[in-house]
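Predicted model, so just to flag it, every value in this text is computed and none were measured. For the single chain, residues carry numbers from 1 onward in sequence order. Whatever order the structure lists them in is the order used to number ligands and atoms, beginning at 1.
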Amino acid sequence: MDGRRQTAMTVDPRNAPEQLWAPLNDPAFWAGDPAPHFARLRREAPVLWNPAFGYWALAHHADVMTVSRDAATFCSSQGILATEIGVTYPFPPTTMHTDAPEHSRYRELVQPGFAPRVMRALETRVRTRAAAFADRLAAGTAVDFAEAVAIPFPVAVICDLLGLDHVDDARVLRWSDAAIPGSSPMTQKEIEAAREDQRATLLAATIARRGADGDDLTTALANAEIDGDRLSDDEILMFQNQLLVAGNETTRNMISGGMAALATRPETWARLRAEPALVASAVEEWLRWTTPVISFMRTATRATELGGVPIAAGEPVLMLYASANRDESVFGPTADEFHVDRTPNPHVAFGFGPHFCLGAALARLEGRALLDELLERFATVELAGEVVRTESPAIAGIRALPLLLR
Ligand code: HEM
């Protein structure tokens, strides 16, 4: 069903009342629960001009799908975050910041690094890592689950993926922190030192893998070749950097957000222990419910329309994945409820279309592996304090998640 047809447009989308768009510009809004406001946007202004930033906010699943699918009309090369409007991105750009034909070339060259063969080779290691993190948790003792598990676990997995077994996880965590401004209390000098350490280590690993055999992603990137075309060292470094952010920040918040949802639903935890076959669909619901990437942006390359609203060439559109994933016209009357057996579950947590998340299979594997290990060890989980969320409009971040597992 197309939700747009059900909507009575009650406001002029280009000149909507301030109370509709102003919350989107307030950091505190993102640290709270934006779902009720998104529901209002879907009802009253699903295509809404935000004059403070100068973008269209899209609240409906159907519009997010239309934009994601049509990369010729809605491009990525002019920025994918609201903070990138008007900013020239450094060269070489990430895959996320390119359009065809550069994007298709990039994607073809990196795809072998995420092939089912590579994922199968990783599965045993991911499961071993998940078991080791679960083993560190003591039954009956409150723990900050974000700090103890949700943050370091994906970092360890990225090290495995990149074939960096010789590099200490704590070092990689510092690289990841240095890549995201404001995410840690590091000084500028420490950030620069971490970035230089990361560059030198990844470059050395890449050079060492040229011409070598191996199942890891660095080996796949160093040796990828299509008709004599190869990725340059700078392109490989950019891609590895991108993974450190794209693979860590997102997965950690899927895990923290998913565990926060289960910690307040004891009957659901009990059901998952009784029916472990539901773990795969529970992870899909984690993804829909938490939507770790709240929004990404595109820019219209020509005059077009969305949901009957004219969009001018050059105007940015912000896809609110978090709103699309609660759209009643797609998920029905239970859209605002957490159901581990939801099926079908056509969420857009990994995006859609040509830029669909390259790490989706890995993120799903991490979620399943960890949940399996936790369900096996603990009969109950509950909150042991306040969940502290970050104020980002792009990443649904959880800074602290006090849990009590027994
Ligand atoms: C729960 C975890 C994750 C979520 C929610 C997530 C979400 C997303 C989304 C929404 C996009 C679409 C970008 C766009 O359309 O502009 C994307 C792209 C991407 N993701 Fe993920 N991601 C996750 C985990 C990972 C992991 C584990 C990796 C790799 C280790 C990864 C690597 C990438 C890459 C390379 C792209 C760019 C693809 C392209 O531009 O063609 N992601 N991700």
Side-chain angles (χ1 to χ4, degrees), residues 64-65 67-71 74-82 84 89 93-100 102-111 113-114 118-119 122 126 150 153-164 172 176 216-218 220-221 235-236 238-258 283-299 316-322 324-325 347-370 394-398:
V64 169
M65 295 285 277
V67 168
S68 304
R69 186 184 279 131
D70 184 357
F74 298 100
C75 74
S76 294
S77 52
Q78 293 183 44
I80 56 163
L81 300 173
E84 291 173 350
Y89 206 77
T94 74
T95 47
M96 289 187 197
H97 292 81
T98 50
D99 297 312
E102 289 82 10
H103 178 252
S104 328
R105 165 191 175 261
Y106 221 145
R107 199 121 177 161
E108 263 183 73
L109 283 164
V110 301
Q111 199 101 46
F114 296 89
V118 180
M119 291 303 121
L122 256 187
V126 172
F153 171 51
V155 171
V157 171
I158 295 280
C159 287
D160 292 340
L161 176 74
L162 291 173
L164 298 175
V172 180
S176 171
D216 62 86
L217 182 69
T218 302
L221 296 174
E235 284 175 321
I236 294 178
M238 173 55 92
F239 190 67
Q240 291 164 326
N241 282 349
Q242 184 184 347
L243 294 191
L244 285 167
V245 181
N248 281 334
E249 278 284 306
T250 50
T251 312
R252 72 168 68 154
N253 292 311
M254 167 189 77
I255 293 170
S256 286
V283 170
E284 292 310 303
E285 188 68 344
W286 273 10
L287 284 157
R288 185 188 77 90
W289 188 252
T290 62
T291 313
V293 178
I294 301 174
S295 66
F296 269 148
M297 196 184 75
R298 299 287 190 265
T299 303
V317 296
L318 190 74
M319 299 179 283
L320 293 171
Y321 298 124
N325 281 345
H347 66 75
V348 283
F350 291 123
F352 186 76
H355 287 274
F356 181 79
C357 177
L358 272 165
L362 181 58
R364 286 176 161 134
L365 169 61
E366 289 178 63
R368 289 196 308 271
L370 189 63
I395 295 281
I398 292 189

Would you mind telling me if ligand 1 is within reach of the side chain of Thr291, the backbone, both or neither, using heavy atoms under 4.0 Å? neither
Any Arg252 side-chain heavy atom under 4.5 Å of Ser176 side chain: yes
Please name the pair of heavy atoms, one in His103 and one in Pro354, separated by the smallest distance, quoted to 0.1 Å. CE1-O, 3.1 Å
How does Val348 reach ligand 1, by side chain, by backbone, by both or by neither, if only non-hydrogen atoms under 4.0 Å count? neither
Minimum heavy-atom separation for Phe153 and Glu366, please, with both atom names. CE2-O, 3.6 Å
I'd like to know if the side chain of Gln242 and the backbone of Thr95 have a donor-acceptor N/O pair within less than 3.5 Å. yes
Check whether any side-chain heavy atom of Val126 lies under 4.5 Å from a side-chain heavy atom of Asp160, and answer yes or no. no
May I ask you to decide whether Glu102 forms a salt bridge with Arg105, counting only side-chain N to carboxylate O separations under 4.0 Å? no
Taking Ile80's backbone N and O only, do any of them form a donor-acceptor pair with Glu84's side chain (distance below 3.5 Å, no angle check)? yes
Report yes if Ser76 has an N/O atom closer than 3.5 Å to an N/O atom of ligand 1; otherwise report no. no
With heavy atoms under 4.0 Å as the rule, classify the contact between Leu287 and ligand 1 as side chain, backbone, both or neither. side chain
Between the side chain of Thr251 and the main-chain N/O of Asn248, is any donor-acceptor distance below 3.5 Å? no
Counting heavy atoms only, which part of Leu243 comes closer than 4.0 Å to ligand 1: side chain, backbone, both or neither? side chain
Decide whether an N or O pair under 3.5 Å exists between Arg298 and ligand 1. yes
For atom 12 (C) of ligand 1, which protein heavy atom lies nearest, and how many Å away is it? His355 O, 3.5 Å
Give the minimum heavy-atom separation between Val293 and Tyr321, together with the two atoms involved. O-CD1, 3.3 Å
Measure the spacing between OG1 of Thr94 and CG of Asn241 and express it to the nearest 0.5 Å. 10.5 Å
Please say whether Gln242 places an N or O atom under 3.5 Å from an N or O atom belonging to ligand 1. no
Report the member of Leu81, Thr95, Asp99, Leu244 with the shortest heavy-atom distance to atom 37 (C) of ligand 1. Thr95
Can you find a heavy atom in the side chain of Leu81 that is under 4.5 Å from one in the side chain of Phe296? yes
Would a 4.5 Å heavy-atom cut-off, applied to side chains only, mark Asn325 and Val348 as touching? yes
Hey, which atoms in ligand 1 end up nearer than 4.0 Å to a heavy atom of Tyr321? 10 (C), 15 (O)
For ligand 1, is there an atom lying under 4.0 Å from some heavy atom of Met319? no
Does the side chain of Tyr106 come within less than 4.5 Å of Met238's, by heavy atoms? yes
Could you check atom 7 (C) of ligand 1 against the protein and tell me its nearest heavy-atom contact, residue, atom and distance included? Ala349 O, 3.5 Å
Identify the closest protein heavy atom to atom 36 (C) of ligand 1: which residue and atom is it, and at what distance? Met96 CE, 3.6 Å
So how many protein N, O or S atoms does atom 21 (Fe) of ligand 1 have within less than 2.8 Å? 1
Numbering the atoms of ligand 1 from 1, which are under 4.0 Å from a heavy atom of Ile158? 30 (C)
Flag His103 as yes when one of its N or O atoms lies below 3.5 Å from any N or O atom of ligand 1, and as no otherwise. yes
Side-chain heavy-atom pair Cys75, Arg298 within 4.5 angstrom cut-off: no
State, with a plain yes or no, whether a side-chain heavy atom of Met119 is found less than 4.5 Å away from one of Leu161. yes
Does ligand 1 have any atom that is closer than 4.0 Å to a heavy atom of Thr98? no
What are the atoms of ligand 1, with element, lying closer than 4.0 Å to any heavy atom of Pro292? 5 (C)
Leu161 neighbourhood, listing ligand 1 atoms whose heavy-atom distance to it stays under 4.0 Å: 30 (C)
